[in-house]
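Notes follow the structure.
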Amino acid sequence: MIAVYDSLNRRMTELVPQRPGHVSIYTCGVTPYDHTHLGHARPAVVWDVIRRHLMRRGYIVSYVQNFTDIDDKLIQRSRETGRSIESLAEEYIAEYHALTLELSVEPPDFAPRVSGNLDAIVDYIRRLIESEYAYSADGSVYFRVSRDPEYGRLSGRNLNDMREGFRIDPDPFKERAEDFALWKKSQVDEPGWESPWGKGRPGWHIECSAMARRYLGARFDLHGGGMDLLFPHHENERAQSRALLGGEPVSIWVHSGLITQGGVKMSKSLKNGVNVGALLERYSPHVVRTYLLSVHYRSPLDYDDARISEWGQGLARIERLWEEVRLAPPTQDLPEEEWAQELALFEERFLSTLDEDFNTARAFAVVFDMVAATYRGIESGRGEAARAWARRNLLVADSILGFLAPVKPATTDGYLADTLVERRNQARQEGNFQWADMLRDVLIQSGYEVLDGPHGTRLFRREDTHAKPTPKKQ
RNA sequence: GGCGACGUAGCCAAGUGGUAAGGCAGGGGUCUGCAAAACCCCUAUGCCCCGGUUCGAAUCCGGGCGUCGCCUCCA
């Protein structure tokens, strides 16, 4: 059984798909008006792991993640830069795709955009007006929040409390301050799309309700997004969907923790986001990816250069083992020893850890235990069996967590390195240790770790795992 | 002001009633020409503080203190 924490009911909930064997997921994607930062990368990576794990457990997964390509921020940015909304959106969507792909995130099954779904959105709004959950006024349409007795339940607030600190929206056409826009009338200098209510654009929340319904149907299993979307975005989405469907649109609401830096939330408006493109100049993609997985997805993650480097140190331990076992032939026989049991039980331990609310932090602990057990096996003289099982286990874990660097094609660099190792070993045999140590220094400075063992010397590429050397500041 | 989350070793971080996972850093040892890697051992009698419930609490309840988030665009 797979248990997931549900934000609506505030408890762990068994995942029981609407359609047996098939899990449908919708997550709120980004508004492509600026560069991708770590706060966007986290949900992308987290949901990638969730999808992979569900598939590993035998489910067929339908995953939809939208792009909000019609939006006030985008209009504003278009004004500032003189570029079209379309070209801005295109650029940042392409960047988002490229960067998440680098982080080994598999693309969604559908990545719908607002611009391609205006018909569904308009239709959705029309139905809400028909049922009097919404009203049009002066070319805009608003949702009548007071019609939903459960409004506020998802985000844990009630309307009376909210009215206390309510910022008064100057919009005089709303019946009540808490009503929110489904359709916003275009001002004279703003771009707009035709609708039964005149030229305008959709409000932020309606798109997700409309697209989720179009791509996944009236009810689906998991709805995700950052904690910061809980209110008002998801609260409003739920209200709309309940109004149209007469019931819950979502089985389990899933919210990922925010990324902070120095304890302050990363956000576009604060301009303190860690740019993912820039980060990947300094750290390998799988280090960045797994750093995001080193903490449970619901916990806040405080980003810090020193910590991601430290995490890279730990990851190197797993990677060294992979270097050690990647070419091991398969065997079945394991001795009756404690370490061997650990290797044999690894897969089930690992997967059942992820069954409990996708606990990647604990899953990594299971991997580290397995790494240690493998070396104990090797030290105890059963290297062949230990390597074979470690190889198999690492492939299982990697298929979900994605921590192994892609295999690099052979390069002249690698050939040179091998030659240096040969020369060094020759020097060592001749007792010329000064020369041998010099050759080793050359290799280390070229980014290799030099591992001498009873069966010869192996090289391990440090730059794959550790922080890349930071260019000296002028 | 309202609502919510969190506070675990030098650092990061699991753990929701049964006697503190894992990683990094550090110390001692084994192995090694040396170094690295690896292995073995050590590093929180205690989980922000004070009470309470319980045979038993990091975990539940009450009260503090602190940090953060949402209430406005935000993953």
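Here is how names work: the chains are called A, B, and so on, in the same order as the sequence lines, proteins then strands, and each is numbered from 1. Nothing here was measured: the structure is a model prediction, and the numbers come from that model.
Using a 4.0 Å heavy-atom cutoff across all strands shown, Gly39(A) reaches at least one base atom of the nucleic acid. Contacts of Leu38(A) with the nucleic acid, taken as non-hydrogen atoms under 4.0 Å apart, are absent. Across all strands shown, Arg428(A) has heavy atoms under 4.0 Å from base atoms, whether or not it also approaches the sugar-phosphate. Nucleic acid contact for Asp304(A): none, since no nucleic acid atom lies under 4.0 Å from a heavy atom of the residue.
As a whole-Å value, the separation of Tyr26(A) OH from A75(B) P is 13 Å. Atoms CG (Leu321(A)) and P (G23(B)) sit 13 Å apart, rounded to a whole Å. In this structure, CG of Leu258(A) is placed 14 Å from P of A5(B), rounded to the nearest angstrom. Between the CD atom of Glu235(A) and the P atom of U72(B) there is a distance of 13 Å, given to the nearest Å.
Distances shown here put every side-chain N or O of Arg157(A) at or beyond 4.0 Å from the OP1 or OP2 atom of C70(B). A sub-4.0 Å separation between OP1 or OP2 of G22(B) and a side-chain N or O of Arg362(A) is absent. At C12(B), one or more side-chain N or O atoms of Arg307(A) fall inside 4.0 Å of OP1 or OP2 (strictly under the cut-off).
Rounded to a whole angstrom, the distance from the C1' atom of C31(B) to that of A38(B) is 9 Å.
Inter-residue side-chain proximity for Pro202(A) and Glu207(A) is flagged as unmet; no heavy-atom pair is nearer than 4.5 Å.
No option in His234(A), His233(A), Glu237(A), Gln240(A) other than His233(A) meets the side chain to side chain donor-acceptor pair (under 3.5 Å) test with His205(A).
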